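Please read these numbers as outputs of a predicted model, since none were measured by experiment. These values consider heavy atoms only, across backbone and side chains, with no hydrogens, waters or symmetry-generated copies.
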Amino acid sequence: MHPSPGSCSAPAGGLLQRLVAVFDQRWIRKASDPVKQVAANLFEAFGRIWLLAGVIVLSAVLGGRSDGLTASVVILAAYSVAFFIRLMSGPPARRKAAA
């Protein structure tokens, strides 16, 4: 028995969006204008959401509705765990201002 496309594509999509986030955050930090940083951050966040939505749709198209549902449940579970970990770990450390 082979794993369903939904259970394989969701982790792959999550990994891909995480790699995109790391690359984009480096790019956003290089922007000198705060307005451009906020705009780029918003664009990047929506882009990653659309990437995951595309993974869910692709899973449904390739494997059927149940695979799309599987992909969405796996992504929801992963994001719920990540959200809980962020809540429990407290506020992020403050960055020191550049001198």
Quiz item: Going only through I, L, V, M, F, W and Y residues with side-chain contacts under 4.5 Å, is there a path from Ile56 to Tyr79?
Solution: yes
Exercise. Grab the two heavy atoms, one from Leu69 and one from Ser72, that are nearest each other, plus how far apart they are.
Key: O-OG, 2.8 Å
Quiz item: Any idea which heavy atoms bring Arg29 and Gln37 closest together, and the distance?
Solution: O-NE2, 3.7 Å
Quiz item: Out of curiosity, Arg48 CZ to Leu19 CG, how far, rounded to the nearest 0.5 Å?
Solution: 11.0 Å
Quiz item: Between Glu44 (side chain) and Asp24 (backbone), is there a donor-acceptor pair under 3.5 Å?
Solution: no
Practice problem: Indicate, with yes or no, if Leu15 and Val22 share a hydrophobic cluster defined by side-chain heavy-atom contacts under 4.5 Å among Ile, Leu, Val, Met, Phe, Trp and Tyr. | Solution: no
Self-check item: Heavy-atom pair of closest approach, residues Ala10 and Val74
Solution: CB-CG1, 3.6 Å
Quiz item: Nearest heavy-atom pair of Leu51 and Gly13: which atoms, and what distance?
Solution: CD2-O, 4.3 Å
Quiz prompt | Leu87 vs Phe83, side chain to side chain contact (heavy atoms under 4.5 Å, CB included): CA-CA, chis, key distance, verdict | solution = CA-CA 6 Å; Leu87 283 177; Phe83 179 70; 3.4 Å; yes
Quiz item: Under 3.5 Å, is there a donor-acceptor pair linking the side chains of Ser59 and Ser9?
Solution: yes
Practice problem: Using the side chain to side chain contact (heavy atoms under 4.5 Å, CB included) rule, take Asn41 and Gln25 through it: C-alpha gap first, then chi angles, then the decisive distance, then the call. | Solution: CA-CA 8 Å; Asn41 205 2; Gln25 290 301 320; 3.5 Å; yes
